[in-house]
Amino acid sequence: MDRLRTQALSCWYLTGPTASGKTKAGVALARRLGAEIISLDSMAIYRDMDIGTAKPTEEELGGIPIHLIDIVDPSEEYSLARYIAAAHDKITEIHDRGKRVLFVGGTPLYLKGMLRGIFEGPPANKEFRAQLEEKMQGNPPELLHKMLKKADPESAKRLHPNDIRRIVRALEVYELTGQPISSFQKQFENGVPATDCNVYVLQWPRETLYARIDKRVDKMMYENFLDEVKRLTERKLPISQTARQALGYRELLDYLDGKMKFGQAVDLIKQNTRNFAKRQETWFRSFTECRFVSGENPKFDLDFEEVESSEVDSSFPATDDE
RNA sequence: GGGUCGGUAGCUCAGUUGGUAGAGCAACGGACUGAAAAUCCGUGUGUCGGCGGUUCGAUCCCGCCCCUGCCCA
């Protein structure tokens with residue numbers, strides 16, 4: 001197991017679907033651990049996007065330091081790889097200060113990237129993607145999948161012909177490295193048992209969760225979420241592709257463009273958020289690392305003595321993949 | 001009160017010239033490695049308003065009734 005992954009597994013994690021109460025429980029947990037919080041959230045990294053991302057307020061944090069929020073401008077593109085790199089830097093920094101690290105947030109892909117690592121590959125290449133798009137003009141969409149079949153049959157087998165995004169990425173990696181992406185993508189296969197790490201997932205009955213989501217969206221609208229989005233559109237810089245896909249923002253941007261009525265936009269935010277929460281839960285169920293705790297009454301069963309005496313590094317079972 | 005359009009899945013609606021029905025959305029399940037709050041895949045859950053009649057067989061045809069919208073009184 002590589003050093004970065006060992007480092008990541010020495011941290012605590014509190015996750016759960018949207019509106020599951022992560023902030024509140026996270027702050028309380030951070031206090032018990034004497035930890036600083038690193039946000040595990042692909043959208044809270046953006047400045048000026050506060051209400052819609054339910055970014056924790058000073059008041060909610062009650063003095064607990066939080067990292068990796070407000071680190072990029074909404075005009076910037078962000079990515080999994082940027083997050084993983086930034087998070088590792090932060091862990092080192094906080095550990096050097098002699099404090100524990102608690103990740104709090106609900107972006108499952110980032111969680112997985114932390115727990116299992118990501119492969120060292122080339123970043124997204126705009127030119128390549130533009131070229132590919134040009135090549136696809138007038139061609140049936142299955143052509144991409146056929147191209148992948150030639151370059152990387154293993155990935156082609158795993159990817160559905162309609163899964164354009166992943167096919168494009170696989171072709172991109174092959175083009176830029178001469179190696180199939182499937183030859184890189186190995187580390188995700190090895191999960192760690194939940195007892196060997198500290199990953200907690202807040203869980204609610206589905207119906208309750210959906211009701212909480214609806215209520216929270218109403219609260220956001222009451223807090224003038226719309227004004228926040230308007231302010232983003234009034235800036236000189238454009239809103240990046242990654243920032244504009246944030247839940248709530250994209251629907252309100254459509255409303256401001258006259259594409260739908262306000263009430264429809266609000267209903268759609270609720271709907272899309274509920275769908276997202278469901279997808280998050282699918283991720284959590286698939287992770288061997290997760291321990292599920294009641295969202296209503298979170299209990300963490302922390303054993304401080306044991307955690308401290310085990311010196312984390314040596315407590316992990318050896319893996320046979322390296 | 002008379003006429004008329006309609007009553008089919010949780011919602012909006014197709015459809016069957018008579019052989020017990022299907023789309024979108026929702027719901028549910030799954031995938032996911034540099035866009036991930038994104039993207040993609042899978043699953044139909046139904047006394048076809050009610051009761052009778054005709055028929056080998058009715059959701060479809062006929063009769064009566066109930067409900068809804070519209071028009072006329």
Side-chain angles (χ1 to χ4, degrees), chain A residues 4-5 15-20 22 39-46 49 51-55 72 74 76-87 105-126 128-129 141 144-145 155 157-170 172-173 176-177 180-191 206-207 209-210 213 216-217 220 239-253 264 267-287:
Chain A
L4 287 183
R5 192 166 164 204
T15 187
T18 355
S20 57
K22 293 185 290 295
S39 167
L40 182 73
D41 188 310
S42 64
M43 293 300 157
I45 52 137
Y46 284 115
M49 290 171 60
I51 299 171
T53 61
K55 213 173 273 170
V72 298
E76 269 188 73
E77 304 293 348
Y78 204 70
S79 69
L80 167 68
R82 280 187 71 177
Y83 177 85
I84 299 296
T107 301
L109 176 65
Y110 288 8
L111 209 217
K112 192 163 183 177
M114 292 307 297
L115 298 176
R116 312 225 178 143
I118 61 170
F119 75 95
E120 305 262 335
N125 186 297
K126 275 207 160 144
F128 174 80
R129 291 183 187 190
L144 277 180
H145 194 251
S155 295
K157 214 192 266 176
R158 281 180 28 189
L159 296 176
H160 191 279
N162 289 350
D163 199 348
I164 304 294
R165 275 203 189 187
R166 293 189 181 81
I167 294 173
V168 167
R169 174 61 182 159
E172 178 178 70
V173 169
L176 268 39
T177 67
I181 195 172
S182 48
S183 70
F184 295 106
Q185 296 179 322
K186 299 290 182 198
Q187 70 272 52
F188 265 29
E189 287 155 24
N190 303 299
R206 193 57 70 74
E207 261 182 48
L209 183 69
Y210 284 180
I213 287 169
R216 188 161 82 162
V217 171
M220 285 175 178
I239 306 167
S240 71
Q241 201 178 19
T242 26
R244 75 181 319 127
Q245 68 191 14
L247 276 168
Y249 295 86
R250 53 182 222 248
E251 294 85 354
L252 291 177
L253 287 168
Q264 288 178 309
D267 287 346
L268 197 56
I269 294 171
K270 291 176 182 170
Q271 184 59 64
N272 290 339
T273 307
R274 281 184 241 127
N275 290 165
F276 169 55
K278 184 176 170 295
R279 265 176 277 136
Q280 287 174 299
E281 296 198 314
T282 301
W283 275 105
F284 300 139
R285 253 176 261 139
S286 76
F287 295 151

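Worth saying up front: this structure is predicted, and the values here are computed from it rather than measured.
Looking at heavy-atom distances under 4.0 Å, Glu77(A) makes no contact with the nucleic acid at all. Within the 4.0 angstrom heavy-atom criterion, only backbone atoms of the sugar-phosphate kind lie near Tyr210(A); the bases stay farther away. In this structure, Thr53(A) reaches the bases: a heavy-atom distance under 4.0 Å links it to at least one base atom across the strands shown. Backbone-only contact: Tyr78(A) has heavy atoms under 4.0 Å from sugar-phosphate atoms and none from a base. Using a 4.0 Å heavy-atom criterion, one finds that Asn275(A) contacts the sugar-phosphate atoms exclusively. When heavy atoms are screened at a 4.0 angstrom cut-off, Tyr110(A) is found touching the sugar-phosphate backbone but no base atom. Residue Arg82(A) is classed as having no contact, given no heavy-atom separation below 4.0 Å to the nucleic acid. Counting any heavy atom pair closer than 4.0 Å across all strands shown, Gly52(A) reaches a base atom.
Atom CG in Leu111(A) sits roughly 14 Å away from atom C1' in U33(B) (whole-Å rounding). Following rounding to the nearest Å, Glu207(A) (CD) and C28(B) (C1') show an atom-to-atom distance of 13 Å. Distance Gln245(A) CD to A38(B) C1': 4 Å, rounded to the nearest Å. Protein atom CD1 of Ile164(A) is 16 Å distant from nucleotide atom C1' of A31(B), rounded to whole Å. The CG-C1' distance, from Leu209(A) to C28(B), rounds to 15 Å in whole Å. Taking atom CZ on Arg244(A) and atom P on A36(B), their separation rounds to 14 Å, with Å as the unit. Rounded to whole angstrom, the span from the CD1 atom of Ile167(A) across to the C1' atom of A31(B) amounts to 13 Å. The separation between Arg169(A) atom CZ and C40(B) atom P is 19 Å, rounded to whole Å.
Listed by chain and residue number, Glu172(A) satisfy the salt bridge (charged side-chain N to carboxylate O under 4.0 Å, His left out) test with Arg169(A) (two or more places apart in sequence, or in another chain).
Using atom C1' as the reference point in both A58(B) and A73(B), the two lie 37 Å apart (nearest Å). U16(B) and U8(B) have their C1' atoms separated by 11 Å, with the value rounded to a whole Å. For the C1' atom pair drawn from C40(B) and C56(B), the interatomic distance equals 49 Å after rounding to whole Å. For the C1' atom pair drawn from A21(B) and A9(B), the interatomic distance equals 11 Å after rounding to whole Å. Taking atom C1' on both C60(B) and U17(B), the two are 10 Å apart, rounded to the nearest angstrom. U54(B) sits 33 Å from U45(B) when the C1' atoms are compared, rounded to a whole Å. Taking the C1' atoms as reference points, G3(B) lies 32 Å from G46(B), given to the whole Å. On the C1' atoms, A35(B) is 24 Å away from G42(B), given to the nearest whole Å.
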Leu40(A)/Tyr83(A) under side chain to side chain contact (heavy atoms under 4.5 Å, CB included): CA gap, chis, key distance, verdict: CA-CA 9 Å; Leu40(A) 182 73; Tyr83(A) 177 85; 3.5 Å; yes
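With a 3.5 Å limit on both pairing distances and Watson-Crick or G-U wobble geometry required, the stems of 3 or more pairs in RNA chain B span B:1-4 with B:69-72, B:10-13 with B:22-25, B:27-31 with B:39-43, B:49-53 with B:61-65.
You'll find that the side chain of Leu247(A) is closest to A38(B), out of C32(B), A26(B), A38(B). When distances run from any side-chain atom of Asn162(A) to the nucleotides U33(B), A36(B), C40(B), the shortest one goes to C40(B). With G30(B), U33(B), A36(B) as the candidates, the nucleotide lying closest to the side chain of Arg279(A) is G30(B). Comparing U33(B), U39(B), C28(B) by their nearest atom to the side chain of Leu109(A) picks out U33(B). Listed candidates were A35(B), C40(B), A31(B). Nearest to the side chain of His160(A) is C40(B). Across A35(B), A27(B), C40(B), the shortest atom-to-atom separation from the side chain of Arg129(A) is found for A35(B).
Look at Gln280(A) and you won't find any side-chain N or O under 4.0 angstrom from OP1 or OP2 of A36(B). Phosphate proximity of C28(B) to Lys278(A): absent, as no side-chain N or O sits under 4.0 Å from OP1 or OP2. At G30(B), one or more side-chain N or O atoms of Thr282(A) fall inside 4.0 Å of OP1 or OP2 (strictly under the cut-off). Using a 4.0 Å cut-off, no side-chain N or O of Arg274(A) falls inside it from OP1 or OP2 of A26(B).
Thr18(A) and Ala277(A) make their closest contact through OG1-CB, 4.1 Å (heavy atoms, listed as atom of the first residue, atom of the second, distance). Between Thr15(A) and Gly106(A), the shortest heavy-atom distance links the atoms OG1-CA, 3.7 Å. Of all heavy-atom pairs spanning Pro122(A) and Leu176(A), the tightest one is CB-CD2, 3.7 Å.
The side-chain ring of Phe119(A) is not stacked on the base of U33(B), judged by centre separation under 5.5 angstrom and plane angle under 30 degrees.
Arg285(A) CZ to Thr282(A) OG1: the interatomic distance, rounded to the nearest 0.5 Å, is 4.5 Å.
Here the side chain of Arg5(A) pairs a donor or acceptor atom with the backbone of Leu115(A) at under 3.5 angstrom. Between the Arg82(A) side chain and the Glu77(A) main chain, a donor and an acceptor come within less than 3.5 Å of each other. Here the side chain of Lys22(A) pairs a donor or acceptor atom with the backbone of Gly16(A) at under 3.5 angstrom. Arg250(A) contributes a side-chain N or O that, together with a main-chain N or O of Gln245(A), makes up a donor-acceptor pair within less than 3.5 Å. In this structure a side-chain-to-backbone donor-acceptor pair under 3.5 Å is present from Tyr46(A) to Glu76(A).
In this structure, Gly121(A) and Phe276(A) both approach RNA chain B, and ranking their closest nucleotides by distance from the 5' end singles out Gly121(A). Annotation: of the two residues near RNA chain B, Ala246(A) and Glu172(A), the 5′-most nearest-nucleotide partner is Glu172(A).
No hydrogens or angles were tested; on distance alone, nothing pairs the side chain of Arg116(A) with the base of U33(B) as donor and acceptor under 3.5 Å. In terms of polar N and O atoms assigned as donor or acceptor, the side chain of Arg166(A) comes within less than 3.5 Å of the base of A38(B) in a complementary pairing.
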